[in-house]
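First comes the structure, then the notes that go with it.
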Number of protein chains: 4
Amino acid sequence: MTRKPAKAATPPAARANAKANSHAGEDAVPASSRATRAAERRAAIVDAAMEEFIARGFAATRLDDIAKRAGVAKGTIYLHFKDKESMFEELVRTVIVPVVTRLTALPPPAGSVRDLVEAFASNFLKEVIGTRRGDLVRLIVAEGPRFPSVADFYYREVVSRGISAMRALIELGIARGEIRQKNLAHYPQILVAPAMIAVIWQSLFARHAPLDAQDMLRVHLDLIFGERSTT
Amino acid sequence: MTRKPAKAATPPAARANAKANSHAGEDAVPASSRATRAAERRAAIVDAAMEEFIARGFAATRLDDIAKRAGVAKGTIYLHFKDKESMFEELVRTVIVPVVTRLTALPPPAGSVRDLVEAFASNFLKEVIGTRRGDLVRLIVAEGPRFPSVADFYYREVVSRGISAMRALIELGIARGEIRQKNLAHYPQILVAPAMIAVIWQSLFARHAPLDAQDMLRVHLDLIFGERSTT
Amino acid sequence: MTRKPAKAATPPAARANAKANSHAGEDAVPASSRATRAAERRAAIVDAAMEEFIARGFAATRLDDIAKRAGVAKGTIYLHFKDKESMFEELVRTVIVPVVTRLTALPPPAGSVRDLVEAFASNFLKEVIGTRRGDLVRLIVAEGPRFPSVADFYYREVVSRGISAMRALIELGIARGEIRQKNLAHYPQILVAPAMIAVIWQSLFARHAPLDAQDMLRVHLDLIFGERSTT
Amino acid sequence: MTRKPAKAATPPAARANAKANSHAGEDAVPASSRATRAAERRAAIVDAAMEEFIARGFAATRLDDIAKRAGVAKGTIYLHFKDKESMFEELVRTVIVPVVTRLTALPPPAGSVRDLVEAFASNFLKEVIGTRRGDLVRLIVAEGPRFPSVADFYYREVVSRGISAMRALIELGIARGEIRQKNLAHYPQILVAPAMIAVIWQSLFARHAPLDAQDMLRVHLDLIFGERSTT
DNA sequence: TATGAATGAGTGTTCATTCAT
DNA sequence: TATGAATGAACACTCATTCAT
């Protein structure tokens, strides 16, 4: 087990500038008030922490590395988070919430149920599978047992909501005659299972055998809704 | 985050006895040769290590706790394993191999493909889901990225084999007309996905909402093979 | 070992008001000039620092707590003191000097030597024993070895002067026949010893066993001057 | 404030040898069993810790320095003590108890009360004043408020016992007519005050003005018992 | 002048690994 | 072979001090 902060996608210094610049076209830090700066720093810490936690897991991540990657001093982390544990917990919340928000902002329920589900899957594909957010899911699976509060939060905010939404869709599909298998409504997990598998696969086995997640999800939907005649 | 070695499957007391005996009968090791004793110790260490690694993850597990749980001295571990990392790696091999062996020892290919798959699923249910072995799968998902060699091993010995076997079954099912959906053969992952989800669910969310894995798998097979006429 | 700033004599709220006011009345500082304000701030810092140093000792005291208690920002302390060490040193001077001044302002040398000594003891009782100043003495005893300059200062300004004054009184008492024991003049420490013990006792053991310092000092003086016939 | 481990009276290496040698005249470590070695190490740690705590106080003492001075690794300290605080507390107990034992082993109560008191004072002079033990008393005065358990222990084991013993002696003296001042029995502190002052003086002001503690105590006893006719 | 966010050296504590017994 | 005391590198967290505002 080597111990390098791993390649930072964006070097700290560069990123500070990037952030500052993103506000104004100047070189100075004109438009950023005290509060803004603080928020930026916090965001930088959250980003860095996510990278490191994903790469090494909670216990093996060093705050030193997070600080270095975020381009702040070690002490600065403690201005934003009580300790390593609560940083991890808040981090998960911070990152998960907007994803959930975006995913649950379903497109207008026009068209067939299959269209709805496909829209959702497409969103999921873009927003989660193969992204940092996907890795975060794997991280939660990994650390869940040691962070009951995280597992609870994840179950409450993501899993149970997702299950409910899926069940609603399935029932709609059954009512409309798009789905034959009535029992499916009891196990919405079946509907999402391949998507979850895709997430984990990309994290673990992408380099052994790439997986065309989009196509796989299509095949799975064919299984549930019947193969599309045209397409 | 608490820090207790958790209930030891084999109480340390056992070890006290062992000691006492070796003392009483001079040097004699009645029913077990030197080599056997060594193998027993190694097995005890492997068991203890698995418990601890599953409960805390690699980085957070203390060798002290493993030793205590195994009923050996800390130094003894180093007589069997080079270091913590290789212990983890060997441990995974040691535990995974017999499971794979047992799972791949499929019953004679009599009967329908669905029967074959169901036999397999039933085995998997009994041997993996909700067991220590299931937790081990979660552990591999968790630690995989930090242990490429483990991920490699797991992919080679379990995943790729499993995928191949599933693909063969699917193709057989298609050939025999039991499975309609031809594309399924491209993504055997779909066949296993609910089983994997069940494994993870039991590890993480069983206490939030219990999952009847067996029934879920049945529904899933209905989806693939069509609902059973009689049941 | 707990870590609470302890009850602040002057609540931080005071400071909020101060701020609010300075805001309301533009820049005006009604009843106190700039310089006065600065002096007040300095005094607040000294008071707060004394409380904290007495409660925790030099090393364990946090400037943060001093600032909070004084109702100023941490940086403000550095406008008045070079660093923590010199703050401690100046603090001792600042607090000690007026006490010495008041104590040495002996009442007119009328009456017997015993009356003089009693007046002095009475003063000491009121000004030192069981007060913050008494705790400061204990603090000096505690930190003396690590702050030679403080020990030096204390010896020079308090101890040696006190010893001289006591010796003078003793010699006067011997000359006037009030004190029998001639050798006492060699060890004026004996005269003050019970007073010092009282100071320390109140700091450390008051809650185990209260001590009537006044009565003890009276008994001690009886020992030196002989018991009072009347009274 | 400089930060040097201060001069170790006996350098670590030398001392380990000395200890080992004290057992046999050889160079090896023949006579020291595992347990003996452990006890020696613990003693070395206690000694080193006492030096450092006395020199710097609790908070400012670094475990690194204690370890270095004791000639052990930092981790070794934690084999003997739970943490810094309990090390300090146990240290005080460890050092105080034998002193109390020796001091309370009074010589046979033959002769006058004054003889008894003088014997006691002489013991105290030899065992405490101007020794490490004396410094320890100052340390307790210094840290008492932050270590209630230490203050409690000290009060219980040393102060209250000492006060009782002194009171008994005083009452005996009064009964035998050696002591005139009856009230003295209410304040045995007066009897010990100069001894305590001597302890503190040696710690703080010895270099400013040396104090002949023995002579001072003699003068003080003269005050209480009357001057000795012959001397 | 006053602030308090930011810094980073410093320290108590843990724990994988070694090795004398 | 087995032990567990000893080691010391590593790491989370603190806090005196600085400095942009």
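FYI, side chains are in, hydrogens and waters are out, and symmetry mates aren't considered; it's all heavy atoms of this structure. Remember, predicted model here, so these are calculated numbers, not experimental data. To find a chain, count down the sequence lines: A is the first, B the second, and so on, and within it residues start at 1.
- Residue Phe81(D) contributes atom CZ, which lies 12 Å from atom P of dA6(F) at whole-angstrom precision.
- Residue-to-nucleotide proximity on DNA chain E shows that, of Ala38(C) and Asp64(B), the 5′-proximal contact is made by Ala38(C).
- Taking atom CD1 of Ile77(A) as the reference point, atom P of dA6(E) lies 12 Å away to the nearest angstrom.
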### Task
Kindly express the pairing pattern of DNA chain E in dot-bracket notation, using | wherever a base pairs with another strand and counting only Watson-Crick or G-U pairs under 3.5 Å.
.||||||||||||||||||||
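- A straight line from NE2 of His80(A) to C1' of dG4(E) spans 12 Å, rounded to a whole angstrom.
- When side chains are defined from C-beta on, Leu79(B) does not count as touching Arg41(B), because their heavy atoms never get closer than 4.5 Å.
- Here the C1' atom of nucleotide dA2(E) and the CD1 atom of Ile45(C) are 11 Å apart, to the nearest Å.
- Shown here are the salt bridge (charged side-chain N to carboxylate O under 4.0 Å, His left out) partners of Asp83(A), two or more places apart in sequence or in another chain: there are none.
- With sequence neighbours excluded, the residues that form a side-chain contact (heavy atoms from CB on, under 4.5 Å) with Thr94(B) are Arg42(B), Val46(B).
- Nearest to the side-chain atoms of Arg62(B) among the listed nucleotides dT7(F), dA16(F), dA16(E) stands dA16(E).
- Where Tyr78(D) and Tyr78(B) each meet DNA chain E at their nearest nucleotide, the meeting point lying more 5' is that of Tyr78(D).
- Taking atom NZ of Lys68(B) as the reference point, atom P of dA5(F) lies 11 Å away to the nearest angstrom.
- Side-chain atoms of Arg41(B) lie closest to dT3(F) of the nucleotides dA2(E), dT3(F), dA6(F).
- By the salt bridge (charged side-chain N to carboxylate O under 4.0 Å, His left out) test, Glu143(A) is found to be paired with Arg146(A), residues two or more places apart in sequence or in another chain being considered.
- Listed by chain and number, the residues in a ring-ring contact (aromatic ring centres under 6.0 Å, His included) with Phe88(B) are Phe53(B), Phe58(B), Phe147(B) (sequence neighbours excluded).
- Nucleotide dC15(E) holds its P atom 12 Å from the CD atom of Glu52(B), rounded to whole Å.
- In this structure, the side chains of Leu91(C) and Phe81(C) stay at 4.5 Å or more apart for every pair of heavy atoms.
- Atom C1' of nucleotide dA2(F) and atom CZ of Arg42(B) are separated by 17 Å, given to the nearest angstrom.
- In this structure, CG of Asp65(B) is placed 9 Å from P of dA16(E), rounded to the nearest angstrom.
- Comparing Thr76(D) and Lys82(C), the nucleotide of DNA chain F nearest to each residue sits closer to the 5' end for Thr76(D).
- Relative to the side chain of Leu63(A), the nucleotides dT7(E), dA12(F), dA16(E) differ in distance, and dA12(F) lies closest.
- Within 4.0 Å (heavy atoms only), Leu79(C) reaches at least one base atom of the nucleic acid.
- For Lys84(C), there are no salt bridge (charged side-chain N to carboxylate O under 4.0 Å, His left out) partners, not counting sequence neighbours.
- Residue Lys74(B) places no side-chain atom within donor-acceptor reach of the base of dT3(F), judged by atom type and a 3.5 Å distance cut-off alone.
- You'll find that the side chain of Lys84(D) is closest to dT13(E), out of dT13(E), dT7(F), dG4(E).
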